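Accompanying notes for the structure given below.
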Amino acid sequence: MTKQQQDTIALHAATRKNIRGLLKAHSLDQVNIIPSGMNNNLIWNAGHVVVTMELLTYGLAGLKTPSSKEFIDRYRKGTRPESPADQAEYELILEKLKIGGVQLAADLENLNFGSFKEYATSYGVTLTDVGDALAFNNMHEAMHIGTMLALRNLL
């Protein structure tokens, strides 16, 4: 793993720690509330950042994602909460937030991300390799923690 990738993973870990803390500060009922005028909730945003990171890194490199297809389909771009998350899913998301970056760091050392498929994001940025994906993902997760902070204030 390059020094830049190490730095990017460290920033990612800090963001994930903050997202976990935000979730853990709220009850299961609270994380499932969709405030009036909003399209999603705290738990959906947390699941979404997990899924997006996996799709941008593993998925675009043609590798198997750590999460199941069902989990990915529930939280991928373009979805919204269809039903409340239960306690098991809440705990799963907390765990994925905790270990996802650690697993990715190990996989960057042990798996081949060289078959990365170039991807033009809806944000207007084209990702050409896993390094681009890691940097873009950090920006994406920062946007979502901002959304989560706004949602928290509406609970």
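The residues of the chain are indexed from 1 along the displayed sequence. Model, not experiment: these values are computed from the prediction.
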message: Evaluate N137 against H12 for side-chain contact (heavy atoms from CB on, under 4.5 Å), listing each step before the verdict.
response: CA-CA 8 Å; N137 184 70; H12 178 255; 3.5 Å; yes
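- By the rule that hydrophobic residues join a cluster once side-chain heavy atoms approach within less than 4.5 Å of another member, Y58 and I72 end up as members of separate clusters.
- If you chain together hydrophobic residues whose side chains sit under 4.5 Å apart, L111 and V102 never meet in one group.
- In this structure, NZ in K77 is found 10.0 Å from CG in L56, a value given to the nearest 0.5 Å.
- The heavy-atom pair separating L28 from Y90 by the smallest distance is CD1-CB, 3.8 Å.
- Linking ILVMFWY residues whenever their side-chain heavy atoms come closer than 4.5 Å, directly or via other members, places M53 and M143 in the same cluster.
- Under 3.5 Å, the side chains of S68 and R74 contain no donor-acceptor pair of N or O atoms.
- Between L42 atom CG and I19 atom CD1 the span is 10.5 Å, to the nearest 0.5 Å.
- Nearest approach of K96 to S67, heavy atoms of both residues: NZ-OG, 2.8 Å.
- Closest non-hydrogen pair, D107 versus F113, comes out as O-CE1, 3.3 Å.
- A donor-acceptor pair is defined here as one N or O able to donate and one able to accept, closer than 3.5 Å; such a pair exists between the side chain of R20 and the backbone of L94.
- To the nearest 0.5 Å, atom CZ of residue R76 and atom CD of residue E54 are 11.5 Å apart.
- Judged by distance alone, the side chain of H26 and the main-chain N or O of L22 form a donor-acceptor pair under 3.5 Å.
- Interatomic distance, CG of L151 versus CD1 of I145, reported as 12.0 Å (0.5 Å rounding).
- Aromatic ring orientation, Y75 versus F71: tilted (interplanar angle from 30° to 60°).
- In this structure, L60 is a member of the same hydrophobic cluster as M139, with clusters built from ILVMFWY side-chain heavy atoms closer than 4.5 Å.
- Nearest heavy atom pair, residue E91 against residue Q87, reads OE2-NE2, 2.8 Å.
- With a 4.5 Å cut-off on side-chain heavy atoms, T79 and V51 do not count as touching.
- The structure places CD of Q6 at 10.0 Å from CG of L108, a figure rounded to the nearest 0.5 Å.
- By the criterion of side-chain heavy atoms lying less than 4.5 angstrom apart, applied directly or through intervening Ile, Leu, Val, Met, Phe, Trp or Tyr residues, I99 is not grouped with V50; the two fall into different hydrophobic clusters.
- With sequence neighbours excluded, the residues that form a side-chain contact (heavy atoms from CB on, under 4.5 Å) with R80 are N39, E82.
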task: Test E118 against T126 for side-chain contact (heavy atoms from CB on, under 4.5 Å), laying out the working first.
output: CA-CA 7 Å; E118 187 173 291; T126 298; 3.4 Å; yes
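- The side-chain hydrogen bond (donor to acceptor under 3.5 Å, both in side chains) with D7 is formed by just one residue from the set Q5, K3, Q4; it is K3.
- Atom CG of N45 and atom OG1 of T52 lie 10.0 Å apart (nearest 0.5 Å).
- In this structure, D132 contributes its side chain and L127 its backbone to no donor-acceptor pair below 3.5 Å.
- Proximity of L23 to M148: side-chain heavy atoms (C-beta onward) are separated by under 4.5 Å at one or more points.
- Nearest heavy atom pair, residue I33 against residue P35, reads O-CD, 3.3 Å.
- V49 and E141 make their closest contact through O-OE2, 3.6 Å (heavy atoms, listed as atom of the first residue, atom of the second, distance).
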